[in-house]
Each structure stands twice: as C-alpha cells, then as structure tokens.
Amino acid sequence: MTEPVKVALLGCGTVGSEVTRMLLDDPGELAARVGAPVELAGIAVRRPDKHPELPQHLITSDATALIDSDVDIVVELIGGIDPVRGWLLSALRKGKSVVTGNKALLSEHASELAEAADESGADLYYEAAVAGAIPLLRPVRESLAGDRITRVMGIVNGTTNFILSAMDSTGAGYAETLDEATRLGYAEADPTADVDGYDAASKAAIIASLAFHSRVTAADVHREGIAGISSSDITAAKSLGRTVKLLSICERVTEEDGSESVSARVHPVMIPKSHQLAGVGGAFNAVYVEAEAAGQLMFYGQGAGGAPTASAVLGDLVSAARNKVAGGRGPRESAHAALPVRPMGQTPTRYHVSLDVADKPGVLAQVAQVFAAHGVSISTVRQRDRRSTASLVVVTHQAPDAALRSTVDEIDKLDVVREVISVMRVEGEAE
Ligand SMILES: NC(=O)c1ccc[n+]([C@@H]2O[C@H](COP(=O)([O-])OP(=O)(O)OC[C@H]3O[C@@H](n4cnc5c(N)ncnc54)[C@H](O)[C@@H]3O)[C@@H](O)[C@H]2O)c1
Ligand SMILES: N[C@@H](CCO)C(=O)O
Ligand code: NA
C-alpha cells in the first residue's frame, strides 16, 4: 500500500469547512485520483470549542505544531498576512507543499514564498486566490506557458459586480445598493476591501505576475473602487448603450524604444452592452485572456463562495499530492522577464466625458480646443439640446491617462461648462 499523503488544514471557515467536507466525503475516490490515500492529519482553528461539527481528534489550536508534524501538504484558509506568512514560509522551507486561497498574502509576498518553494522543491499553488472556482491561474501558468499573453481583462470581484449590476437594473444609487447587498449577504460587514478595489487589485497583481513572468505586487496596481459611481454615471452609460463594470486590466505594453512594461489597473469602465463582460451579472466573475497564438479566451463562473472556492483548493491539493506521489514537484512559476510596471499616468486609456454646457455658439469649439491642447484626439461627439443648456458627450481615442485627466480638469474650469456629469474610461469598442 502506498504511503498516505498527509494534509494539514489551517482555518476552517467558509472555505475551510467545505474543503474538510470534500476531503472526508469520498476518500476512496480521492485516493484513486491521487494514487495514494489523502489523509487529513489535523485542522488548526483559533477556537476549537467553536467547532463541535468537526471530528474532534483532528482539531488543534496549535497551527505551528501541526505544520511541524509529519504532514506533506499545508492548506491555508485563514487569510491575511500575519501570522500566516511566517507559517507558510517555514512549511515551504521544510519541503512541504502549500495550497492557499490567500490573495492578500500572494499579492505582497509571492516572491519570497516562490523562492522558498524553489529552494526546497515544494509546490506553491493558489488557484482559489483569484476568481474562486474558475480555473484561471493554472491555464495562465501552464496551458499558455508556450504562448505570449498580451492582455488579461475581467471582472474578478463578485461584490462590486453585484452592486453595479443592481444599480444598472434598478437605477438606484450606490449607497442604497450597497446597503441592499449587505442585507442580502453579498457584501461583507466591512465592504472596504471589495468596494475600494483592494481585493481586485490583489488579484490583478497575481494575474499580471503569472501572465507576464514578472513580479507585480498589489502596490504596483493602480486602484480605483466603485464608491464614486453615481446613478448619473449609470444613466449616462445606459443612454449610450453601455454599462459600467469594475475591471481588472493587466496588459503587456510596448514602449517606443521597443522595450516592454506591464500595466496593471483596477477601475470602473464603461463597456458596450453587447460586450461579453457586460452580460456577466450578479456575483459572477469572468476573465478574458488574450495571447498571441491562442487569440481570445474567456473564463466564466463563480468567483467566490465556500463550495466553489473549495473546488479550486481541492484541484490544487490533488495536483500537489500527485506530485508528492510521483516524487517530484509541478512546474515552477517563472519571473525571469522582470518587466517594469508602467505608471498609470503613462498608460493609454480612452475616456467618456459627459458635460452639461451652455447652448451658445463656439462652445463645442472651446471644449474641442482643450482636448487638442492636451494632444487628445476625439473619437465621437454627441450633442443634445435642452432649453438653455446642451449635453455634450465626448468619447476620445487612446491617450496617456494623465493627459486625459488634465483635459477633464481644464474642461471643468471652462465658464461654458455648467457641470461635468460623468467621466469614465471606455473599453471594448472600436477606436
Ligand atoms: N470566502 C470566499 O468566497 C473566498 C473566495 C476566494 C478566496 N478566499 C480566501 O480564502 C481564505 C479563507 O476565506 P474564508 O472566507 O473561508 O474566511 P473565514 O473568515 O470564513 O475563515 C477563516 C478561518 O480562519 C480561522 N482563523 C483565524 N485566525 C486563525 C489562527 N491564527 N489559527 C487558526 N485559524 C485561524 C478563523 O477562525 C476562521 O474560521 C482567505 O484568504 C480568503 O481571501 C475566500
Ligand atoms: N470578496 C470577494 C471574494 C472572492 O475573493 C468577492 O467579492 O469577489
Ligand atoms: Na481560480
């Protein structure tokens, strides 16, 4: 009989409890898939008395002792940086593979964790950290390892997608919709990490690192959340056949001298209703990957929740266990390209600007002049007359984000501009 692969589970909350269930559900099937029995050796929780539902002989409050016991794989589902970072580094240095869903940790400390894994020959897998159940990191890391990824763009935060979808369908404002999302359990009691874009920025850092063989941290990702989105923004989008989504966009950018850099950003974006990402509603996630040979690929599914996220954890766990049985490790991740991160101000974007202007001769020329002065080329202009004012909607061609930003600041100061109603970046339509 082959030796069992022993697993330590750290944390038994929303995801950990589902992982426990799946591990204990059908051990025979799991053993057949792995080629050896998979033994849950212990579950570290903060308060053992709070878990009467778990097999009591497995529970411990001493995570360090559990990691240091003769386990082969450590599955971490606690979250946050400390104390988890030290625990996982210690496990990896001892040659124990690590499976985690911890995007906060990976988006800041992937480099040292991957180095520790490389030195000892352990696996470090974290499919659950980005887009929950959706297989995204393994396809990027392995299936596309021979291609050249140029862009990864998508909806990787379910909470904000739920809120924006609801604002679009009901016409309600941001605060009201957030309250509703909290009441329905879609938003956490403290929704800051989601609504301010931190969660999506962590995921963008992880995606950009793997897609571009570089190290991008959460601090490198330009981040804007959805708290500033008003019902006027949504209405402005709707009147043009568009909708608003919070997108994570990671791109390979070629500089004028031929060198390359990475742009990684999270911000609200207007996309046409006909775009495939526009149809992604509620708490779902969807990610587009573009690669030179493969072309466009789309990944869609549940980006959060106990069972869906546990599916990704189990997938990683089975892979790591198979590698242990085979006496080796899986493919390592490569950061050899070490591409620099391009500042947001220099990143090419397109803006949609909706203005309330005085309806008199020369106004359009004055507004157009400000765009021209900043080197920003206009793609379309629409004007609709009201009684004494007119609404002017301008969509630009691509220009450096800083030039677009200063154009809007200057337009706001024009006497003929009564109000800047909505300013938003545009993606997913022909230039
Ligand atoms: N919930 C999701 O939908 C989801 C999706 C993707 C990724 N994740 C990630 O998975 C991880 C776990 O998320 P969750 O939703 O299950 O969180 P959770 O808060 O439900 O569970 C965390 C568990 O860890 C335990 N814990 C905290 N400190 C501990 C300590 N020092 N020792 C032992 N146990 C400790 C807590 O008691 C709790 O049971 C996080 O990194 C999260 O970002 C969650
Ligand atoms: N808070 C995250 C959970 C998944 O990481 C979301 O809303 O998508
Ligand atoms: Na995933």
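When a ligand or atom number is given, it counts from 1 through the structure's own listing order.
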Which segment of Thr160 sits under 4.0 Å of ligand 2 when only heavy atoms are counted: neither
Test item, Gly132 contacting ligand 2 (heavy atom, 4.0 angstrom): no
Interfacing atoms of ligand 2 (cut-off 4.0 Å, heavy-atom, Gly303): 4 (C)
Protein residue, atom and distance nearest to atom 7 (O) of ligand 2, heavy-atom basis: Thr159 OG1, 2.6 Å
Ala133 near the Na ion (ligand 3) via N/O/S, less than 3.0 Å: no
Gly303 N/O/S atom closer than 3.0 Å to the Na ion (ligand 3): no
Check: Lys103 N/O within less than 3.5 Å of ligand 1 N/O: yes
Residue, atom name and distance, where the atom is the protein heavy atom closest to atom 16 (O) of ligand 1: Val15 N, 2.9 Å
Protein contact to atom 3 (C) of ligand 2 [nearest heavy atom, distance to 0.1 Å]: Ala304 CB, 3.7 Å
Residue, atom name and distance, where the atom is the protein heavy atom closest to atom 22 (C) of ligand 1: Leu77 O, 3.5 Å
Tyr288 six-ring face occupied by Arg151 cation (under 6.0 Å, within 45°): no
Polar contact flag for Gly305 and ligand 1 (N/O pairs, less than 3.5 Å): yes
Atom 34 (N) of ligand 1 - nearest protein heavy atom and its distance: Arg46 N, 3.4 Å
Short N/O/S contact of Ala129 with the Na ion (ligand 3) (below 3.0 Å): no
Shortest reach to atom 2 (C) of ligand 2 by a heavy atom, considering only Asp194, Val195, Asn285: Asp194
Side chain, backbone, both or neither: Ala63 near ligand 1, heavy atoms under 4.0 Å: neither
Numbered atoms of ligand 2 (with element) below 4.0 Å of Asn157, judged on heavy atoms: 2 (C), 6 (C), 7 (O), 8 (O)
Polar proximity ligand 1 side, Ile78 side, N/O cut 3.5 Å exclusive: no
NZ or CZ of Arg141 within 45° of Tyr125 ring axis and under 6.0 Å: no
Ligand 1 N/O within reach of Thr14 N/O, cut-off under 3.5 Å: yes
4.5 Å side-chain heavy-atom contact, Leu144 and Leu297: yes
Ligand 1-proximal atoms of Cys12, by part, heavy-atom distance under 4.0 Å: backbone
Residue, atom name and distance, where the atom is the protein heavy atom closest to atom 21 (O) of ligand 1: Gly13 CA, 3.3 Å
